[in-house]
Every structure is written in C-alpha cells, then in structure tokens.
Participant: 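For reference, the structure I am asking about is given below.
Below, each value reflects all heavy atoms present in this structure, side chains not excepted, and no hydrogens, waters or symmetry copies.
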Amino acid sequence: MEEPLREEQSPRTDLTLFSQKIDTIKQQISSVVVGQERVVDLMLTTILANGHILLEGVPGVAKTLLARLTARLIDADFSRIQFTPDLMPSDVLGTSVFNMKSGEFDFRRGPVFADMILVDEINRAPAKTQAALFEVMEERQVSIDGNTYQMGDLYTIIATQNPVEQEGTYKLPEAQLDRFLMKITLDYPSLEEEIRILQRHHTNARLVKLDEVRPVIARDELLALRGYMDRVYVEESLLRYIALIVQQTRTSKAVYLGASPRAAVGMLQAAKAFALMQGRDFVVPEDIKFVSPYIMQHRLILTAEAEMEGHTPLKVTQRLIDKVEVPK
C-alpha cells in the first residue's frame, strides 16, 4: 500500500530517532535471547499502545527472561510478583500498617506500584488475588481504606502462564483475559535456533548477562512516543477493514463468542503503534493483519464442534482475517 495522501497536509513527524531506539532494543534482546523476533515485535507494540501483555508458553521457552529483559531496557521502575496459590490481594496491592509513633495507619505499597510489572505464572493465584490485579489493570488505580492511589502513565503488566499444567492453577475468566491487549504464544525454537542456543552454552558465548544490560529508552521518551499515536494517519477504508474483521468473528459458525468493540479499538491502537515502530506515521493493511490475531485469539470462544475438529482460536482468527478483502 502506497503512502496515503492527506486531505490536510500536516507537518510530518520525524521518527528516525525512535526507530533507532527500537532497533537497539531488538539488538539487545537478540544478544541474550535467541529467536522470538515476532514475540519481541508484539511485546514492544503492546507497550507502545499502552496495553498489557499475556505471554503463554511451555516451561523453558524464555517467557520470564524475555519479560524481564524487555522491562530492563526501558528506564523505568520495575517489580516482579511470583503468583502462588497462597498469595493474598494485600501481598499484591499493599496494606495499611499501624504506626505506633503517629497513632495512625500508614499505607505500605505493594509490588504492583511500579511502571513495569512482571506477574509470573498469573494463573497460579486464586480468583480473589487475580481480581485485585485485574481491577488495577483496568482502572489504573487502587482504592484501599477509602483512599485512592493512582498508577503512573507508563503502567504496564507483563504476565506469564503455562498452558499445559493444570494442577494448582486457576483458569483466567474471559472477562479478565479481556484486560490484556495481546496474548502472545511462545513456540519452541526452530532447529537452527536450537543449535545456536546450544552453541552459546557450549562456547560460553552467553557473556551478556541480564545484570549487565543497560536501559536503551527513557520513560519520558517512551511516553513521548505514545503521544505521537494521535498523529498517525489511518484511512477510512482501514477503519472499515478493522470493523469487517471483527464482524467476521461474530458471524462465523466456528465461533461461539466473537470479539467485542474493545478488541476493534485495540486493533486500531496496536496497528498505529506498530506503524510507529516501523518509522511510519500512517497505517497500512499489513500492520492490522500482523497485530489482529494476537488481539483476538484470547477473546474468542470457539464452538464445541470447532474444538473437536482441532481448531484453535489463533488459527480461526487468521482464517477469518484472510476472508476479508484487503483495502487497495
């Protein structure tokens, strides 16, 4: 798709510096993690689009490492919460402690008060702890003992979960999954990537340690880049393209519950963020096609017949996207 003509020519946004920063972040990640380029692109897109991320994969595919590394490359406050079956909401949000000197209760903030929060194995905590986390994800604030505490502008949650282990886990309800802008699945590495991993370990080439990684982009720079989202140009035909994709999920015989308007808005925001990452201030259909499957796959509920036939939400989503005519 060629660069669109604007009816009202506005000053072009110079994204060269930010594109260089994004490329540097990708290079830093590749120096520690082999492969997963698609996952990195999707994670950075979600952070830029002011959304939360759910990483899903079997143990050992570098979910936690990738989340920690990404957060470390952004110069912002970072915290990690290991979800366990005995974790209470106060362990996440914080609690009021009586101060003997002042005779009053002081609020001690929990680990959820940070810019970037890694929630490891989110499906291991009971429902009440999950609900406490999802409330702050949606409202970007915490209300405790009648007081409201606001989160920062950069507030982003990166959660991980294991799809195969069922014992001692609590499945996330659909309404809570909807809080995540994207669900990203980490697959096994390819043969070539596996060989590179083994070579790094064998030759001790894993010299770049997580503690040695330095931030690439400052908090204010990332917020400034988010501010450019409103300047990204989207043609009317592309808005219709997004709406048609969402409509497909509501009429497909393979889908019991289709995508909501929130998913459509998420597709628009993520497409604009991905365009910015490519150094463009306009969206093309390929941007929408790239982000849409990962925005919709955790929001769709398939029919029993589709599941018995071996279909997955991701495959169904990609098939529905392909049915919609791409704008010229």
Side-chain angles (χ1 to χ4, degrees), residues 13-55 61-82 92 109-120 122 133 136-137 140 150-160 180-182 184 186 200 205-229 231-232 269-270 272-281 291:
T13 303
D14 186 8
L15 300 170
T16 307
L17 179 60
F18 287 117
S19 295
Q20 292 173 352
K21 297 246 180 192
I22 294 296
D23 289 340
T24 305
I25 289 176
K26 292 180 181 179
Q27 291 170 8
Q28 290 280 354
I29 292 175
S30 64
S31 69
V32 179
V33 179
V34 174
Q36 307 292 5
E37 289 84 2
R38 172 187 56 86
V39 176
V40 172
D41 280 340
L42 291 168
M43 288 183 65
L44 294 176
T45 298
T46 308
I47 294 171
L48 185 55
N50 197 20
H52 304 296
I53 306 163
L54 179 61
L55 293 177
V61 291
K63 298 187 301 296
T64 302
L65 175 61
L66 193 55
R68 290 178 60 198
L69 181 57
T70 303
R72 194 172 184 86
L73 290 168
I74 300 170
D75 190 10
D77 292 333
F78 172 76
S79 69
R80 176 181 176 180
I81 312 172
Q82 181 67 52
V92 176
R109 300 189 173 199
V112 78
F113 284 89
D115 292 320
M116 307 284 294
I117 301 101
L118 168 60
V119 179
D120 230 349
I122 191 170
L133 177 68
V136 70
M137 286 174 64
R140 308 285 175 123
Q150 297 288 339
M151 297 298 169
D153 294 332
L154 189 58
Y155 187 69
T156 304
I157 292 216
I158 305 174
T160 70
F180 291 99
L181 178 61
M182 284 194 195
I184 308 169
L186 279 76
R200 283 193 181 187
R206 200 180 41 159
L207 300 177
V208 182
K209 297 181 180 179
L210 201 59
D211 295 339
E212 298 172 354
V213 174
R214 295 290 175 261
V216 172
I217 188 169
R219 178 181 182 276
D220 292 340
E221 289 177 316
L222 184 55
L223 291 175
L225 187 54
R226 276 185 182 176
Y228 286 145
M229 294 271 288
R231 306 184 197 176
V232 177
Q269 292 298 102
K272 290 162 69 174
F274 187 67
L276 283 177
M277 283 179 52
Q278 309 310 306
R280 286 186 275 105
D281 62 351
V291 302

Participant: Under 3.5 Å, is there a donor-acceptor pair between the side chain of R226 and the main chain of I47?
Facilitator: yes
Participant: Would you compute the distance between atom NZ of K21 and atom CD1 of I217 and round it to the nearest 0.5 angstrom?
Facilitator: 6.0 Å
Participant: Testing L73, V216, L65, V39 one by one against I29 for a side-chain contact (heavy atoms from CB on, under 4.5 Å), which residue passes?
Facilitator: L73
Participant: Where do F180 and L54 come nearest, in terms of heavy atoms and distance?
Facilitator: CD2-N, 3.7 Å
Participant: Looking only at heavy atoms, what is the nearest atom pair of D153 and R219, with distance?
Facilitator: N-NH2, 3.6 Å
Participant: Less than 4.5 Å apart, side chain to side chain, heavy atoms only: is that true for Y228 and K272?
Facilitator: no
Participant: To check you understand the geometry: which heavy-atom pair defines the closest contact between A71 and M116, and what is its length?
Facilitator: CB-CB, 4.1 Å
Participant: Quick one: CG on L181 to OG1 on T156, what's the gap to the nearest 0.5 Å?
Facilitator: 10.5 Å
Participant: At what distance, to the nearest 0.5 angstrom, does CG of D41 lie from CD of Q278?
Facilitator: 6.5 Å
Participant: What is the distance from atom CD1 of I25 to atom CE of M43, rounded to the nearest 0.5 Å?
Facilitator: 11.0 Å
Participant: Working note: Y155 + I117, criterion side chain to side chain contact (heavy atoms under 4.5 Å, CB included); need CA distance, chi angles, decisive distance, verdict.
Facilitator: CA-CA 8 Å; Y155 187 69; I117 301 101; 3.1 Å; yes
Participant: Is the shortest heavy-atom distance from the side chain of L133 to the side chain of H52 under 4.5 Å?
Facilitator: no
Participant: Could you tell me the separation between the CD atom of Q27 and the CD atom of Q20, rounded to the nearest 0.5 Å?
Facilitator: 10.5 Å
Participant: Can you give me the closest heavy-atom contact between L55 and A67, atom names plus distance?
Facilitator: CD1-CB, 4.3 Å
Participant: As an exercise, state the distance from CE of M151 to CD1 of I157, rounded to the nearest 0.5 Å.
Facilitator: 8.0 Å
